[in-house]
Amino acid sequence: MSSDPILKTLAKLVELHEGVAEITESQTLNVLLTDNIAKALSVEPETTFSTKADIDDTYFVSYHSELLNKFSSLLASRGSVTALGVKYDGYLKTTGFEKIVDSKIVLQNGLVRYLSATPSITRYIWCHVAYTANADEKRIGMVDFIINELTGVTPVEIGNALLWTSDRVAVDSDTVKPEISPDELSNLVENTAAKLIKSELSNWCNKLSRAWQRDEERLNSYYGSISQEIRRKIESKGLEGESKEKELARIEATNRELSRKKADVRERYALQVEAYLHSAMIIHLPTVHIKCELVRKKSKRTVTLVWNPFTKNIETLRCEITGEPVYNFYLDERDAKIISPTVWGTL
């Protein structure tokens, strides 16, 4: 699999438009597009994209390509939420979870009491967030992640649940009541996407930061030498009165010009990112809901852990301050709120 970010993004975009994409080499991507999308992009339905200009019979694409802008326009006019269910033909056990809970959940200042386990459907939301980043160049991309709607944990892995298309079944999404409010869901999507986009752009951000520092140092050196030369002139000639004031005014003007140039540099390298939810798929997954009681002194509460048969694992809970997934956590004394070790010591 190629790690080329342009080809990986193109592959996702093609698949989201009912096309087929296959990265065959580190710098080439074979695609099969629907006729309407191919026409919109002004390419043949069967096309090979390449990020290297000298590969024969390929369509060269870069961050500055018009093709990416056209794809971006297609994304802007599209947006959908679909739902599907996944069959699980195996037996969902309801016993033996007490030991699993004890081995996975580490409560630092209280007790975890296993209560019961019941097979239940859990809704997961698979989000695709498209983004456009602008600085000294333009880049578009897409991040995707899955939210466990019951626990609010994101991102989560659902294993090979979507591997076999024959196991996917139609569902009526309206038959399952949402476990999460629209505002909370919106915050989860926004915060998770922001972290993933920041991670994807980290190398570019570091490059911009280095270029910004380099240009500022050059400006400081250039205009600093001019100011220094003027000061030497004042001292060597022993200027006083109006002549000295005139030279000092030149230094002030030089400093103003330096500030203006540095503001231009900051604007040139400032990274601006726009993102939006492109599409979402609600996945109804057979799981086991494990009821447990969390206890700290007089505070206690019941929480639901999710055992996923496709990962053969209990999923994490969610820190109620940072939102990070946790197996190891503390409880606050008042409400038995789940708090991760990374922030517990700072409270």
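These values consider heavy atoms only, across backbone and side chains, with no hydrogens, waters or symmetry-generated copies. Nothing fancy with the numbering, it's 1 onward along the sequence.
Taking 4.5 Å as the limit, every side-chain heavy atom of Ile105 sits out of range of all side-chain heavy atoms of Cys292. Considering only heavy atoms from C-beta on, Arg318 stays 4.5 Å or farther from Thr316 through its side chain. Residues Val61 and Leu10 are in side-chain contact: their nearest non-hydrogen atoms beyond the backbone lie under 4.5 Å apart. Looking at heavy atoms from C-beta onward, Tyr276 lies out of side-chain contact with Thr132 at the 4.5 angstrom threshold. By the 4.5 Å heavy-atom criterion applied to side chains, Lys261 and Glu257 are counted as neighbours. Looking at Pro45 and Asp35, their side chains come closer than 4.5 Å, going by heavy atoms from C-beta outward. Looking at heavy atoms from C-beta onward, Trp307 lies in side-chain contact with Leu92 at the 4.5 angstrom threshold.
With rounding to the nearest 0.5 Å, the separation of OG1 in Thr302 from CG in Leu115 is 5.5 Å. For the atom pair Leu294 CG and Ile338 CD1, the distance stands at 5.5 Å (nearest 0.5 Å). If you take CD on Glu245 and CD on Glu252, they are separated by 10.0 Å, rounding to the nearest 0.5 Å. With values rounded to the nearest 0.5 angstrom, Leu219 atom CG is found 8.0 Å from Lys262 atom NZ. Expressed to the nearest 0.5 Å, how far OG1 of Thr342 lies from CG of Asn328 amounts to 10.0 Å. Here the straight-line distance linking atom CG of Asn220 with atom CZ of Arg218 works out to 12.5 Å at 0.5 Å rounding.
A salt bridge links Arg232 with Glu229: at least one charged nitrogen is closer than 4.0 Å to a carboxylate oxygen. With salt bridges taken as basic N to acidic carboxylate O contacts below 4.0 Å, none links Asp264 and Arg268. A salt bridge between Lys244 and Glu247 is absent, with no side-chain N of the basic residue lying under 4.0 Å from a carboxylate O of the acidic one.
Under the salt bridge (Lys or Arg N to Asp or Glu O under 4.0 Å) criterion, Glu157 pairs with no residue, sequence neighbours left out. Legend: residues meeting side chain to side chain donor-acceptor pair (under 3.5 Å) with Glu320, ordered by chain and number and at least two apart, are Arg301. The side chain to side chain donor-acceptor pair (under 3.5 Å) check on Glu44 picks up nothing, with sequence neighbours excluded. Under the side-chain contact (heavy atoms from CB on, under 4.5 Å) criterion, Ile55 pairs with Thr28, Ser50, Lys52, Thr58, sequence neighbours left out. Partners of Asn36 according to the side chain to side chain donor-acceptor pair (under 3.5 Å) rule, which considers only residues two or more places apart in sequence or in another chain, are Thr34. Asn191 is linked by a side-chain contact (heavy atoms from CB on, under 4.5 Å) to Asn187, counting only residues two or more places apart in sequence or in another chain. Partners of Tyr223 by ring-ring contact (aromatic ring centres under 6.0 Å, His included), not counting sequence neighbours: none found. Under the rule for a side chain to side chain donor-acceptor pair (under 3.5 Å), the partners of Lys312 that lie at least two apart in sequence or sit in another chain are Tyr88.
Under the 4.5 Å side-chain heavy-atom criterion for ILVMFWY residues, no single connected hydrophobic cluster contains both Val303 and Val106. Residues Val86 and Met281 fall within the same hydrophobic cluster, defined by Ile, Leu, Val, Met, Phe, Trp and Tyr side chains chained together at heavy-atom separations under 4.5 Å. By the rule that hydrophobic residues join a cluster once side-chain heavy atoms approach within less than 4.5 Å of another member, Leu29 and Leu32 end up as members of separate clusters.
More than 12 heavy atoms of other shown residues, nucleotides or ligands fall within 6.0 angstrom of atom CG in Asn206. Residue-environment remark: CH2 (Trp212) stays at or below the threshold of 12 foreign heavy atoms within 6.0 Å. Other residues, nucleotides and ligands place more than 12 heavy atoms under 6.0 Å from the CD atom of Glu137. By the neighbour-count criterion of 12 heavy atoms within 6.0 Å, atom OH of Tyr222 is sparsely surrounded, having that number or fewer from other residues, nucleotides or ligands. Remark: Glu66 CD is packed, more than 12 non-hydrogen atoms of other residues, nucleotides or ligands lying under 6.0 Å away.
His289 pairs in a side-chain hydrogen bond (donor to acceptor under 3.5 Å, both in side chains) with only one of the listed residues (Thr304, Thr122, Thr94), which is Thr122. The one candidate from Ile314, Val156, Asn148 that meets the side chain to side chain contact (heavy atoms under 4.5 Å, CB included) condition with Val306 is Asn148.
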- Stepwise side-chain contact (heavy atoms from CB on, under 4.5 Å) test for Leu188 and Ile180: CA-CA 10 Å; Leu188 285 175; Ile180 195 167; 3.4 Å; yes
- Message: Please evaluate residues Thr287 and Asn308 with respect to the criterion side-chain hydrogen bond (donor to acceptor under 3.5 Å, both in side chains), reporting the C-alpha separation (whole Å), side-chain torsions for both, the decisive distance (0.1 Å), and the verdict.
- Response: CA-CA 5 Å; Thr287 59; Asn308 183 338; over 6 Å; no
- Task: Decide yes or no on side-chain contact (heavy atoms from CB on, under 4.5 Å) for Glu216 and Arg266, but give the supporting numbers first.
- Result: CA-CA 9 Å; Glu216 279 212 346; Arg266 281 195 294 274; 3.6 Å; yes
- Going through the checks in order, is the side-chain contact (heavy atoms from CB on, under 4.5 Å) test met by Leu248 and Ile234? CA-CA 9 Å; Leu248 291 175; Ile234 294 173; 4.0 Å; yes
- Task: Determine, stepwise, if the pair Leu201 / Tyr131 fulfils side-chain contact (heavy atoms from CB on, under 4.5 Å).
- Result: CA-CA 11 Å; Leu201 298 177; Tyr131 68 86; 4.0 Å; yes
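Remark: side-chain polar atoms of Asp144 are not paired, donor with acceptor, to backbone N or O of Trp126 under 3.5 angstrom.
Of all heavy-atom pairs between Ile158 and Phe310, the closest is O-CB, 3.4 Å. Nearest heavy atoms, Leu185 versus Ile125: CD1-CD1, 3.7 Å. Taking every heavy atom of both residues into account, Ala21 and Ala11 meet most closely at CB-CA, 3.8 Å. Val295 and Leu107 get closest at one heavy-atom pair: O-CD2, 4.3 Å. Heavy-atom minimum distance, Val326 versus Cys319: CG2-N, 3.9 Å. Minimum heavy-atom separation, Phe145 to Val189: CZ-O, 3.6 Å.
Sorted by first and then second residue, the salt bridge (Lys or Arg N to Asp or Glu O under 4.0 Å) pairs involving residues 194-209 (not counting sequence neighbours) form an empty list. Applying the ring-ring contact (aromatic ring centres under 6.0 Å, His included) test to every pair with at least one member in residues 315-347, sequence neighbours left out, gives these pairs: Tyr330-Trp344. Within the structure, salt bridge (Lys or Arg N to Asp or Glu O under 4.0 Å) pairs that include any residue of residues 334-347 do not occur (at least two apart or interchain). For the salt bridge (Lys or Arg N to Asp or Glu O under 4.0 Å) condition, no pair includes a residue of residues 82-94, sequence neighbours left out.
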